[in-house]
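Reading through the structure tokens given below for one structure.
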Amino acid sequence: MGKRTLFRLALGTVAAGAATLAYASLIERNMFTLRRFDVPVLPADTEPLRVLHLSDLHMMPDQRRKQEWVASLAALDPDLVVVTGDNMADPGAVPGVLRALQPLLDLPGAFVFGSNDYTGPVLKNPLGYLLPDREYTEGVELPYEELRGILTGAGWADLNNARTTLKAGGRLIELVGVDDPHIERDDYPAVAGPVSPSADLSIAVTHSPEPAVLDAMAADGFGLLLAGHTHGGQVCVPGVGALVTNCGLPRSMAKGLHRWPGSDSWLHVSAGLGTHPTAPIRFACRPEASVLTLIPR
């Protein structure tokens with residue numbers, strides 16, 4: 001093979017890489033997508049109930065396109081909104097998060113926090129996510145108590161190591177949640193126990209879908225498990241899927257709806273709507289929110 005041919009191959013490879021990076025950083029990470037799933041968790045002969053699942057906004061103050069898109073989801077008129085953490089990516093992000101969520105705050109809602117609600121992002125080597133035992137590094141403290149006050153002030157349930165019931169869609173819903181297992185803030189034993197027979201539906205919520213936590217929730221009878229954190233892999237290989245989940249969850253379950261193994265529970269993992277600010281790319285894994293239509297078994 002001649003030098004000119006080698007040069008052309010190298011130039012083509014560089015051009016293809018640059019085009020892929022431009023697509024991932026400028027186009028796909030802004031291609032906000034609404035997913036829809038039917039989840040058979042309700043008793044027979046009951047009306048469907050719609051849950052809007054949001055996760056991993058990783059909001060920066062100037063991300064108006066994302067804020068407006070999330071706000072527009074109020075037009076879906078869900079019965080319940082559940083947010084599974086990592087809302088912020090900057091100390092000044094609270095107004096942006098509020099612009100996104102404000103139209104939804106009049107609806108019944110619940111939330112847990114993720115690690116990036118407590119501390120801001122730090123510069124990382126993206127290849128570090130391939131290491132199973134990489135050290136977690138904290139950034140600047142974020143105004144999580146301010147965000148918590150806004151959400152609870154609107155009547156949303158704080159499920160960080162908490163358990164409660166609320167009315168939504170004319171049904172009594174039992175909710176349980178943990179603080180983020182990814183940074184060992186979870187304490188499920190403090191809120192564990194069999195689901196209430198008086199509830200029409202039982203939902204369990206966590207940011208990071210760690211199998212030990214999900215196993216315990218499913219064993220208590222929670223029919224629907226909701227999580228985020230994985231970003232769906234964020235950078236995926238077409239035909240292969242996620243390369244990492246950044247937790248103990250199998251790569252095959254990095255996003256979407258799955259039956260949780262060894263149980264009658266369903267797990268929905270949101271691929272989320274944002275990215276780490278130091279790696280603002282998505283490839284073969286669009287940012288997403290999901291409407292889960294709960295239907296009879």
Side-chain angles (χ1 to χ4, degrees), residues 24 28-29 31-35 37 39 51-59 66 82-89 111-118 121 124-134 136-137 177-186 203-215 217-218 224-261 265-290 292:
E28 184 164 323
R29 76 180 180 95
M31 296 173 68
F32 305 118
T33 301
L34 183 66
R35 308 289 187 195
F37 299 91
V39 192
V51 177
L52 175 62
H53 182 190
L54 303 173
S55 197
D56 296 86
L57 296 174
H58 289 281
M59 191 69 74
K66 186 194 302 182
V82 178
V83 178
T84 49
D86 274 9
N87 298 282
M88 298 183 284
F111 68 94
V112 293
F113 283 156
S115 60
N116 288 132
D117 289 307
Y118 294 108
K124 301 176 183 178
N125 179 357
L127 295 179
Y129 286 98
L130 299 174
L131 302 175
D133 299 316
R134 66 186 182 86
Y136 176 74
T137 305
V178 294
D179 208 338
D180 192 4
H182 186 63
I183 50 174
E184 300 180 348
R185 295 181 69 110
D186 57 304
I203 300 175
V205 184
T206 177
H207 175 65
S208 179
E210 296 297 344
V213 174
L214 298 175
D215 280 340
M217 291 170 163
L224 178 60
L225 317 175
L226 301 179
H229 177 70
T230 66
H231 295 191
Q234 189 166 319
V235 176
C236 297
V237 177
V240 175
L243 299 178
V244 296
T245 63
N246 196 26
C247 65
L249 196 70
R251 292 186 295 108
S252 61
M253 302 175 78
K255 64 179 178 180
L257 183 68
H258 305 272
R259 178 62 67 91
W260 185 244
S265 302
W266 290 90
L267 168 67
H268 180 260
V269 180
S270 172
L273 284 158
T275 65
H276 193 286
T278 64
I281 59 173
R282 278 183 179 259
F283 186 77
C285 187
R286 292 184 181 184
E288 67 178 42
S290 297
L292 310 177

Shortest non-hydrogen pair, T245 vs A254, comes out as CG2-CB, 3.9 Å
Within the 6.0 Å centroid threshold, strictly below: F113 and H207: no
Identify which one of N116, D117, D56 satisfies the side chain to side chain donor-acceptor pair (under 3.5 Å) criterion when paired with N87. D117
Near-ring test H229/H182, centroid separation under 6.0 angstrom: yes
Would you check if L34 and S290 make a side-chain contact, meaning some heavy-atom pair closer than 4.5 Å? no
Qualifying residues under salt bridge (charged side-chain N to carboxylate O under 4.0 Å, His left out), relative to D179, sequence neighbours excluded: R185
Student check: side-chain heavy atoms of W260 and M253 closer than 4.5 Å: yes
Do T230 and C247 have side chains that get closer than 4.5 Å, going by heavy atoms? yes
When rounded to the nearest 0.5 angstrom, what distance separates CG in L292 from CH2 in W266? 11.5 Å
Would the distance check show the side chain of D86 and the main-chain N or O of H58 forming a donor-acceptor pair, the cut-off being under 3.5 Å? no
Working to the nearest 0.5 Å, report the span between CE of M217 and CG of L267. 10.5 Å
Student check: side-chain heavy atoms of L52 and V82 closer than 4.5 Å: no
Name the residue from H53, R35, H258 that meets the side chain to side chain donor-acceptor pair (under 3.5 Å) definition with H268. H53
Of P209, S115, S208, the one forming a side chain to side chain contact (heavy atoms under 4.5 Å, CB included) with P181 is S208
Could you go through K255 and S270, starting from their C-alpha distance and side-chain angles, then the distance that decides it, and tell me whether this counts as side chain to side chain contact (heavy atoms under 4.5 Å, CB included)? CA-CA 6 Å; K255 64 179 178 180; S270 172; over 6 Å; no
For residues 234-242, tabulate all N or O donor-acceptor pairs below 3.5 Å that involve a side-chain atom, not counting sequence neighbours.
{"residue": "Q234", "atom": "OE1", "partner": "H231", "partner atom": "ND1", "Å": "2.7"}
{"residue": "Q234", "atom": "NE2", "partner": "A279", "partner atom": "O", "Å": "3.0"}
{"residue": "Q234", "atom": "NE2", "partner": "I281", "partner atom": "O", "Å": "2.9"}

Between R282 and G274 (side chain of the first, backbone of the second, donor and acceptor by atom type, cut-off under 3.5 Å), is there such a pair? yes
Side chain to side chain, M59 and M88, heavy atoms closer than 4.5 Å: no
Between CG of L249 and CD of E210, what distance do you get to the nearest 0.5 Å? 8.0 Å
Given V213, L214, V269, D215, the one that forms side chain to side chain contact (heavy atoms under 4.5 Å, CB included) with L225: L214
For the pair E288 (side chain) and T33 (backbone), establish whether a donor and an acceptor sit closer than 3.5 Å, ignoring hydrogens and angles. no
Distance only, no hydrogens: is a donor on one side chain within 3.5 Å (strictly under) of an acceptor on the other, for S55 and T84? yes
